[in-house]
Amino acid sequence: PPKGTNADGEQYVLEAFTGTGDWRKYQCAIAKAEPDLSWGNQEGDLKLSLGTLGAVVLSIPEDEGKGVLELKDLLFER
């Protein structure tokens, strides 16, 4: 985490989504983020620090099989 900030290296997860192959709008609410207790700093204060957010990661399980992922109009709002 950057020095001089309140970031402490925690990781959070959001709900999982299952695609159907059709265009669909998915919306994630940061307020519903849960601490990922299997990764990141386990000694953190359990507060999501948006001002020091370092990365947003999309994870696809390795056993998902072949396919194509297309993202359109990715938007982050406060």
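None of these values were measured; they are calculated from a predicted model. Computed over heavy atoms, backbone and side chain alike; hydrogens, waters and symmetry mates excluded.
Grouping Ile, Leu, Val, Met, Phe, Trp and Tyr residues whose side-chain heavy atoms lie under 4.5 Å apart, directly or via other members, leaves V13 alone, with no other cluster members.
Residues that satisfy the side chain to side chain contact (heavy atoms under 4.5 Å, CB included) test with E70, not counting sequence neighbours, are W23, V68. Evaluation of the side chain to side chain donor-acceptor pair (under 3.5 Å) rule for S38 yields D36 as partners, not counting sequence neighbours.
Of the inter-residue distances, the one linking Y26 atom OH with L14 atom CG reads 14.5 Å to the nearest 0.5 angstrom. Taken from CD in Q27 to NZ in K32, the straight-line distance is 9.0 Å, to the nearest 0.5 Å. The NZ atom of K25 sits 12.5 Å away from atom NZ of K72, with the distance rounded to the nearest 0.5 Å.
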